[in-house]
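One structure is given below, encoded as structure tokens.
Just so we're on the same page: letters track the sequence lines, and every chain starts at 1. Quick caveat, the model's predicted, so the values are computed rather than measured.
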Amino acid sequence: MRAWKAVLLIDLALIVGVGWGYAFWGLRATRFQRELAEAQAAAASGIERQWVVDGVVRAIFPELGVIVLTHGDIEGYMPAMTMGFRVASPRVQESVAVGDAVRFTLKGVLPNVAVTAIEKIK
Amino acid sequence: MIVMAGRSDRPTAQRWERRVLAWAWGCTLVALASGLVVVGAQAALFEDRPAAAFDARAIGRMLLETQSGHVWLVRAGFLVLLAAFLSLRMSVERRADWRAARGQAVLLGIAALVPLAAAGHAAAVEPDTARAITLDALHVLGAGIWVGGLVPLALLLRAASTDAGADARPYAVLAARSFSRAALGVILLLVITGTTLAITHVGSVAGLVGTSYGRLLLAKLTLLVLILVLATLNRSVLLGRLGGDGPTIGRPAMRRLGGFVIVEAILALAIIAIVAAMSVTPPARHQPPFWPFSFRLSLAALDGRTVEATRALIGSQVAVIGLVALITGIALRAWRLPLGMVALAFLGAGAGLALPPLAIDAYPTTYLRPSVPYQAGAITAGAALYQASCAPCHGPRGAGDGPAGRNLPRSPADLRAPHTAQHTAGDLFWWISHGIAGSGMPGFETQLDEEQRWELINYLRALSAGYAARGVGATIERDRRWLVAPDFAFTVGPTPARALKDYRGRTVLLVLYALPGSRARMTHIAEREGTLATLGVEVIAVPIDADPQAIRHLGPDPRIMFPVVTEGAETIVATYRMFAVAPHVEFLIDRQGYIRAVTRSGGEAGDLDALMTQVKQLNEEKIATEAAPEEHVH
């Protein structure tokens, strides 16, 4: 065989091999990522979850059944921020006042969550 | 090199070609072997135990899980291919075969060499990693072509200058010429990519002369200049003679050129050794530079000194004339020597005139960057140190009027003065550490540790900034950013700590309030908070009395949703009161972290529309992509 043909063959084999390997690996990686995302989404939705978070009471809207809390990180739901939450029953917000440092329980199926319990800390 | 020289039928040339190929094969094996050593060493480094170098699992982890491991795998793969390819005995009688075989070898060589760029310092450059890697790859490729060509060229010249090799002489002459041409282009490429990379990795003159990386680079440049001088001489003197009459001119020239090329190759090897040292040295940008000279040049030296400024201006013009003369001299062949002399004279005179007025005293620590950030905690810590160690002479407010300073040889400096622009934080660090000879300023190196000295410097910076901030009013000055808002940390109730820095990219209204005076204003802000939020303003309220029950005392009506600091208020108030003192103060901090407007009041409800107008103006400004303010040195 002529040398240039041999070289061409080797190069072609190399390109095809690398390309095939990359495509195979890339496809598997994307599939894996998609499955992971699906699994995460499945884990996050449809199941009742519960968080216990620290925060400060900033405002109370008894007529709306809403309490505004400056809270820490709520894992898998939202980062630390000031935000209004529905309360499960009016009794929940009666025990606290604006400015209280509290530990509250958030419970529900995303995105329908509500504060089910709240207690003063410190 | 073989590809550059082209194919030849002459026996000597073919013998040379075989010899170079054998060399290349040997070098590939050496590269593979040294690669194995490196991989072991790296595994030991990553695992932080020497035994990992011989631990197959540790090596496997290193190869599969790190970028340098991936690069090593790719390179080793290509090296194995190259070695295998070079050991093939192929018939290359025909031109196409020859081209394919040699071209393939070159391609494999390039493929094995270039990925090196992705495992070096360039891969750690942020942002623009891809750009740095590309530049580094080009640099490595250029260096490979050039240095790799030197030894074969020398071998060829040697072979062709002997009696037996006379048949290959025309071939050698052509090869030398084409190498010379290619080398010129490659050197240009190396200089351009090298300069860009140096700017990325070194960044400053202080980094170049003050760090080990910078000094290695200087050593590399010195060797390079030597090589270039040698190469220029070779090119202009010997290259032309090569084609001359065989025994009398051509052959001796060829032998001498071969010798010089060997010298160049040895120097190039020394450069590669330096590069190896550089690759394991942290780039200058990430190292504290030590300034080796007792002065530095800065335009700030001319502030308010008309005579010196004029002198510097005239000097710079003279130097420009010299530069023009130099360029003309290079362009014109005939007048090169006289014009060059004139140019050098003008350049020297210009530098002599312009540079001395620009000189400012400098110290080894001049370009040292503060290791403590410009942060409220550090500033208040510095303030306490100041009152204990500095206030007796420099005065409680830094005016240089302390009682103990009256009898000193030189009166203590007014630390609020704007001349701090001439002094870097590193200068202050030196003075605080070692004192100022003959002035009465003592050194505090033994009394304050390094962190305390930097805290003190942060306090001094805030002191002089605060003094300058007296003139900042309630309206912003368009595109004038100079007053850096010191960073601070705070918490709201039992939530995680936040920092002012986290709000970068949004406008912040920092409100220092005191009840009951501020009640009306706080109510007004709370009512309009929604509008402020729409404009991208985040309000942070800080009680001046640092009350931990601040939220409770503000009460449920009106509803206040913005952060009210319950922890950390003390340091924030202490720091920001250096900038403005009033019963109620509001700082408008722009998206880049600069204080742009300061409103001092008694806490009356006031007019929030005026504030909105300022915010709208801030929003119209373009955000420059400059460094964050806490990275500024002074």
Exercise for the section: With a 4.5 Å cut-off on heavy-atom pairs, point out which of A:Asp100, A:Val68, A:Val98 contacts chain B the most. Expected result: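 Top count of heavy-atom pairs under 4.5 Å with chain B: A:Val98.
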Problem - Residues B:Arg506 and B:Glu538 bridged, charged N to O under 4.0 Å - result: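 Result for this pair is yes, salt bridge flagged.
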Exercise for the section: Flag the pair B:Glu529 and B:Arg559 as a salt bridge only when some basic side-chain nitrogen lies within less than 4.0 angstrom of an acidic carboxylate oxygen. Expected result: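 Judged by the 4.0 Å cut-off on N to carboxylate O distance, B:Glu529 and B:Arg559 do not form a salt bridge.
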Exercise for the section: Look at the aromatic rings of B:Phe490 and B:Phe488 and report parallel, tilted or perpendicular, splitting at 30° and 60°. Expected result: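 Tilted, since the angle between the ring planes falls between 30° and 60°.
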Practice task
State whether a side-chain donor-acceptor pair under 3.5 Å links A:Asp54 with A:His71.
Solution key: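 There is no such pair between these side chains.
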Residue [X] versus chain B: region with a heavy atom under 4.5 Å:
X	value
A:Val57	backbone
A:Thr70	both
A:Ala101	both
A:Ile60	backbone

Practice task
Report the distance from atom CD1 of A:Ile74 to atom CG of A:Leu106, rounding to the nearest 0.5 Å.
Solution key: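 Separation between the atoms: 5.5 Å.
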Exercise for the section: Let me know if B:Leu81 has heavy atoms under 4.5 Å from chain A in its side chain, its backbone, both or neither. Expected result: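 B:Leu81 touches chain A through side-chain heavy atoms alone.
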Practice task
Using non-hydrogen atoms and a 4.5 Å limit, figure out which bit of B:Pro558 sits close to chain A: side chain, backbone, both or neither.
Solution key: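 It is neither, since no heavy atom gets under 4.5 Å.
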Handout entry: Under 3.5 Å: donor-acceptor pair, side chain of B:Trp72, backbone of B:Gly35
Key =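 At least one qualifying donor-acceptor pair exists.
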